[in-house]
Structures are given as C-alpha cells and as structure tokens.
Amino acid sequence: MSIAPKYTYVKLGNLKAGSVINVYGVVVFFKQPFKSRGTDFCSTLKIIDQSNQKIGCTIFCEKLEDHPKVFQNGDIVRMHRVKVQPCKSIMLVNTFGFSVVTFDGVVGTAVEPRTSSRSFHFDQDDRRMVEELRTWAASQAVLPTVTATVPLSAVQPKVYFDLTCQLLAKAPIDTTCTLLRVWDGTRCPHTLLKVIVEPHITEGQASFSKERENLIANVLVYDNHVEVARQLKPGVFLRIYNLRAIPGSTKVPGLTSSQSEEVDHLAFHLHGGTSYGRGIRVLPDNSPDVQELKRYSGRLKTNAPADLPFLGYGSVPDSADPHAVILVLVYSFVNNKLSLILPKAI
DNA sequence: GTTTAGGCTTGG
C-alpha cells in the first residue's frame, strides 16, 4: 500500500532562488498557451498570494492539455515542481514532473479542480487553501476582480474586451486571417460588420436567418490565432481575450452618382500577437459562464439558411433604421488576393 | 536532465 504524498506549499514571499517548490496563487495576469520558437507551447502567468508578492510564471509544455486551464483573472492555480529562477526579479518556471491544477476563484462556488491529469492529489487541505485564497483575494480592492466578460449587447466602439460566445461557423479568409462567426444570444446596439463568404469554404452553417444574422458577430482573427482557430469546431463555446471593437464606416456610391452613403459598423479584430493576453480558449460546456450563455441562446430560433452564391464583404445597417440601405461589397480572390469587384447598394 | 520567454495592443 502506498502512502499518499503530502505536499508543502511555499508562500510567494519566501521564494529561494534555485529551489524547486510547490505553490498556490491567485491569477492576476495570464496568457493562453502560445507556440514558442522551441518545441513547446508557452504559458505566461502572474500570480499573487497572502504575502502580497506578485510573481511571474512561465510554463513550457509540449502538450496543450498540460498547461494551466486559466479562464479569467481571479482563478486559483496550484503548481507542483516549479523552479525559482533569478532573473530581473524572481520568477517561476516549470521543471521535471511539473503539474498544475486550477480552480474558479469566486467565493462560494464549487471547488472543482480543472486538470487533464488522470491522477492528482487533492484533499481537504487543498480545499481549504482554495477557499482561503478566494476569501483573501475578494478582500483585496487592488486586485483585478473576477470581472464578467462583456456581452455583445454592452460592447462599446474602440474598446478591448473579452467575449464569451459560441462559435457558429468559420471560414478561412487568407493565410493570415480567419473569420469566426460567433454569438452570445444578445443583440449589439451597434451595426455589426457583415462578412459573407462562399458557402463551400465555410465550416458550420453557411448562412442564417436575417434575425439570427443580426445577432452574429464576425470576428477576424489574425496571424498566430489562425492556427488556434483551425482546431476549433463549430458549436464550441469560446472565450476570446482582448478582442477589439473597431468602429468603421463604409463609403459606398449611392444609386445616383452624385450621392454616397456612409454606413457605420462595428468590426471585431483579434490582432496578431499575445499582448495583453490576446488569445482564444475553448470553455468546457459545464462551466458556469457557458451555462449562462446557453440560457440566452436557447431562447433564439434557428431558421433555414438562405442562398448566398457569392463571396462578399459588406455592411448591413440595423434593421430598426427606417432608412436602411443594404450594402454589399462583393470581393473575390484575384491572384490569391481579396479584391473588391463590385460595390452596390440594394 | 532544461531551448522556448522574460506580459504591456494600436493593422489587416
């Protein structure tokens, strides 16, 4: 019979350079795993505990599932076998036998370990640790609190925000850009940019009813996020971090040559890079945020798809606008580049 | 037995 290992945890204020230790902390900054220039994915975390010491952590693992499952600031992370590395200040880097478990940071919610390892140590002391850290974090006014993500109904132009949503469809635009068509069941008060692509390059439903279309945000993800987007299956629930709402207007020639119409819209871009934690994460269906989303989305009806035989890109003003003009800018691939071939107002 | 990165945006 084996004896259950007993782990001891070092407070972040007592780290000794060179030692290999176990720690608990509250996440105050994080980046989803991204491909390093070496062989591994790299996660970046900043954590804090009751000693009020903020410590940066860098995790290298080849497999994505071995990385910390952090969904938002305030999550609690437990790491085994990290090395205290002296750099500018001190930081933690994973070492041999590294393992990590994370927990929701909200006081009063279930203490459910998030991990993909089949066997991991978890006992009453761990439960107490998590509860103590939650309570402590909640009492710290300066910590980034567990903020809800912004629903589409509350998005303001020009902001960066985190969006919790369901992926309905996706389509490659070019090698550096992929379109993700998402919704969260709420209606954005701003006109959303419409991006329409050919049905045959779309994965997932190619088109939706007009009512549904008005609820769909077209998110353009670039560069390093294209590879992540490639793995996503329509239907999954996502959190997109540091998404940017870009206001724009499209100038389109009117029906008479002297007129032109300006139509405002809101576009969503996930720029390349990982600054400010930019990235995409799949959320498990049982997470509280996804449960909440399903309550909204469940109210909405699905209608039969319409026929969209062209490749287009344009803006549709809010249908509430009595002077609504539907603009269709038709683009096509010419020499592998997306080119405008036909602007027209209907 | 240890390369990778070492937060900090802005465009498409």
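Basis for what follows: all heavy atoms, side chains included, without hydrogens, waters or symmetry-related copies. Lettering of chains follows the sequences in order, A, B, ..., and the numbering in each one begins at 1.
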Without decimals, in angstroms, what is the distance between A:Lys54 NZ and B:dC8 C1'? 13 Å
From NE2 of A:His271 over to C1' of B:dG12, roughly how many Å is that when rounded to an integer? 8 Å
Do A:Glu132 and A:Arg128 sit within salt-bridge range, that is, some charged N less than 4.0 Å from a carboxylate O? yes
For A:Asn94 and B:dT3, what is the distance between atoms CG and P respectively, to the nearest whole Å? 13 Å
Is there a stack between A:Tyr222 and B:dG11, judged by ring centres under 5.5 Å and planes under 30°? no
Determine the Euclidean distance between corresponding C1' atoms of B:dT10 and B:dG6; express it in Å to zero decimal places. 23 Å
Do the side-chain N or O atoms of A:Lys88 get closer than 4.0 angstrom to the phosphate oxygens (OP1, OP2) of B:dG7? yes
Find out whether the Lys NZ or Arg CZ of A:Arg114 is both under 6.0 angstrom from the six-membered ring centre of A:Phe71 and within 45° of the ring's axis. yes
Counting only distance, no hydrogens or angles, is the base of B:dG11 paired donor-acceptor with the side chain of A:His269 under 3.5 Å? no
Is a donor-acceptor contact shorter than 3.5 angstrom present between the side chain of A:Lys31 and the base of B:dG7? no
Over all atoms of both residues, closest heavy-atom pair of A:Gln50 and A:Leu133: OE1-CD2, 3.4 Å
In whole angstrom, give the distance that lies between atom CG of A:Leu193 and atom P of B:dG11. 16 Å
At less than 4.0 Å, is any side-chain N or O atom of A:Arg244 found next to OP1 or OP2 of B:dG12? Yes or no. no
I want to check one thing: is the phosphate of B:dC8, taken as OP1 and OP2, less than 4.0 Å away from some side-chain N or O of A:Ser275? yes
Is the backbone N or O of A:Val70 less than 3.5 Å from a side-chain atom of A:Asp75, with the two atoms forming a donor-acceptor pair by type? no
With hydrogens left out and only the distance checked, is there a donor-acceptor pair under 3.5 Å joining A:Asp174's side chain and the base of B:dG12? no
